[in-house]
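Since the structure comes first, as structure tokens, the remarks are kept for the end.
Starting from 1, each residue takes its place in the sequence as its number. Both backbone and side-chain heavy atoms feed into the values below; hydrogens, waters and symmetry mates do not. None of the values given here were measured: they were computed from a predicted structure.
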Amino acid sequence: MYVITGATGNTGGVIAEKLLARKEKVRVVGRDAKRLERFTQKGAEAFVADVTDAGALEKAFSGAKAVYALIPPSISAPDVRAYQERVTDALAAAIKKSGVTHAVVLSSSGADKSDKVGPVVGLHNLEKKLEAIAGLNALFLRAGYFMENLLPQVGLIQSLGFVGGPIRPDLPLAMIATRDIGAVAADTLLKLDFAGKQSRELQGARNVTYLEVAKVIGTAIGKPDLAYKQLPAAQLKPALTQMGMSSSMADLLLEMSDSMNSGYMKPQEPRSSKNTTPTAIETFVADTFVPAYRGKAARA
């Protein structure tokens, strides 16, 4: 039995689908039974639990061969770091008490740092809490910058006519599609070929700057002159809170961006075939960004 937390999210959904396609026994954990139905229709067992509830998670993890663990994002939490600590305390307690022997964990580039990396500090602490569990084999997948983070640019391009954000225009980012993280995690769960506590970076197909991103998007949507503008925090924070982020989440995101811009937060491994994944930015823009852009335009 494999237990997948965050099954309705970007990575968890891919993992659950891949394991079910292999006829494996899968238990999907989520807050909303309705959203878990697409997995139960394919033979999964649904377990409704809140990730901050250690007792419920312990039940969800009972009898599991391996667990996929993550901190589900809660961008509107009034205190995001406190929320993350509640989740990671619950995950660690449930893994320890249930006797799970293998965990594949969604972490992030920057999780080697204990401060100044915004929400990634929560992932650093998750790694540390799981490292303290004797007898647990844990693989921390330190993923790069999610391509899905580009999707809010749809609204910005349509209202203001440019791509914008806090990141330096010329900063090379290890951009990765979450489907690739899910594929690696599913493969690792099937093999369980790791022992002790290990981290493995996932860096996407290649490093990409926001200048290149704007060019790729512009070409795909018929706006070849589309530009990227680095925007100051004072201008960005109100825009982020308008998107539904709490003040706490917006501050953490801006702190993380500063650490990326300064080079304090960056991948630690040299790029290799082991940490390179297949989906290129051009593919993601064509099959995910463009449909989101056209869909929003059609609804406007």
Side-chain angles (χ1 to χ4, degrees), residues 10 73-77 80 108-111 113 116-123 143-178 181 202-221 223-267 279-286 288-297:
N10 283 326
S74 182
I75 64 166
S76 57
V80 171
S108 167
S109 166
K113 303 286 192 287
K116 300 194 192 73
V117 287
V120 179
V121 171
L123 296 168
Y145 189 91
F146 288 4
M147 290 180 187
E148 281 73 5
N149 290 341
L150 300 172
L151 291 171
Q153 298 289 343
V154 164
L156 199 63
I157 296 166
Q158 289 177 347
S159 55
L160 299 173
F162 60 82
V163 174
I167 302 291
R168 278 189 5 234
D170 59 346
L171 180 71
L173 297 168
M175 280 199 190
I176 187 164
T178 54
I181 304 168
L202 297 176
Q203 299 185 9
R206 68 175 195 275
N207 289 358
V208 189
T209 66
Y210 258 101
L211 283 174
E212 290 174 78
V213 166
K215 206 168 270 172
V216 172
I217 292 173
T219 302
I221 62 171
K223 293 182 187 293
D225 298 330
L226 189 69
Y228 172 75
K229 291 184 185 179
Q230 184 180 359
L231 302 169
Q235 205 175 335
L236 277 168
K237 190 172 175 183
L240 293 171
T241 51
Q242 213 174 350
M243 275 167 50
M245 278 185 203
S246 63
S247 174
S248 161
M249 184 70 216
D251 287 341
L252 288 170
L253 209 63
L254 293 167
E255 176 185 86
M256 180 176 79
S257 302
D258 285 345
S259 285
M260 289 164 72
N261 285 335
S262 71
Y264 178 73
M265 174 179 164
K266 62 177 183 212
T279 307
I281 186 68
E282 289 81 1
T283 306
F284 175 82
V285 166
T288 305
F289 190 93
V290 170
Y293 181 86
R294 302 258 184 263
K296 195 170 163 72

Where the side chain of Y293 meets the backbone of V285, is there a donor-acceptor pair that is under 3.5 Å apart? no
Short side-chain to backbone donor-acceptor contact, E255 and A250, under 3.5 Å: no
Closest non-hydrogen atoms of V117 and G110, given as atom of the first, atom of the second and distance, are CG2-O, 3.9 Å
For the OG1 atom of T288 and the CG atom of L151, what is their distance to the nearest 0.5 Å? 7.0 Å
Are side-chain heavy atoms of K223 and I217 found at a separation under 4.5 Å? no
Point-to-point distance, once rounded to the nearest 0.5 Å, from CG of L240 to CE of M245: 5.0 Å
Ignoring hydrogens, what is the shortest heavy-atom contact between G165 and Y228? Give both atom names and the distance. O-OH, 3.0 Å
Atom pair CG (L231) and CG (L236), whose distance is rounded to the nearest 0.5 Å: 5.0 Å
Would you say S246's side chain and A77's backbone share a donor-acceptor pair under 3.5 angstrom? yes
Between Q230 (side chain only) and P166 (backbone N and O only), is there a donor and an acceptor less than 3.5 Å apart? yes
Output the distance between atom CG (L211) and atom CG (D170), rounded to the nearest 0.5 Å. 7.0 Å
Under 6.0 Å from the NZ atom of K266, do we count more than 12 heavy atoms belonging to anything else shown? no
Is the shortest side-chain N to carboxylate O distance from R206 to E282 below 4.0 Å? yes
Looking only at heavy atoms, which two atoms of P291 and A286 are closest? And how far apart? CD-O, 3.5 Å
Hey, does F289 have a side-chain heavy atom less than 4.5 Å from the side chain of Q153? yes
For A143 and I181 the tightest heavy-atom approach is CB-CD1, 3.6 Å
State the OH-CE distance between Y145 and M175, to the nearest 0.5 angstrom. 5.5 Å
Could you walk me through whether L252 and V121 pass the side chain to side chain contact (heavy atoms under 4.5 Å, CB included) test, one step at a time? CA-CA 10 Å; L252 288 170; V121 171; over 6 Å; no
With no hydrogens and no angle check, is any side-chain donor or acceptor of E212 less than 3.5 Å from a backbone partner on T209? yes
Looking at S259 and Y264, would you say the former's side chain and the latter's main chain have a donor-acceptor pair under 3.5 Å? no
Separation between CE (M256) and OG (S108), nearest 0.5 Å, reads 7.0 Å
Side-chain donor-acceptor pair present, S262, K116, cut-off under 3.5 Å: no
Knowing that exactly one of V213, T283, I281 qualifies, which makes a side-chain contact (heavy atoms from CB on, under 4.5 Å) with M147? I281
In the structure I gave you, are the side-chain heavy atoms of M260 and L171 within less than 4.5 Å of one another anywhere? yes
Does any N or O in the side chain of E148 come within less than 3.5 Å of the main-chain N or O of T178, such that one atom is a donor and the other an acceptor? yes
Is there a side chain to side chain contact (heavy atoms under 4.5 Å, CB included) between F284 and I176 once you walk through the steps? CA-CA 9 Å; F284 175 82; I176 187 164; over 6 Å; no
Could you walk me through whether K229 and V163 pass the side chain to side chain contact (heavy atoms under 4.5 Å, CB included) test, one step at a time? CA-CA 6 Å; K229 291 184 185 179; V163 174; over 6 Å; no
Would you mind reporting whether L173 and V208 have side-chain heavy atoms less than 4.5 Å apart? no
Shortest non-hydrogen contact between A111 and V120, atoms and distance: N-CG1, 3.5 Å
List the steps and the verdict of side chain to side chain contact (heavy atoms under 4.5 Å, CB included) for K113 and M265. CA-CA 8 Å; K113 303 286 192 287; M265 174 179 164; 5.6 Å; no
To check you understand the geometry: which heavy-atom pair defines the closest contact between A174 and P267, and what is its length? CB-CG, 4.1 Å
Contact between M249 and S76 at the side-chain level, heavy atoms closer than 4.5 Å - yes or no? no
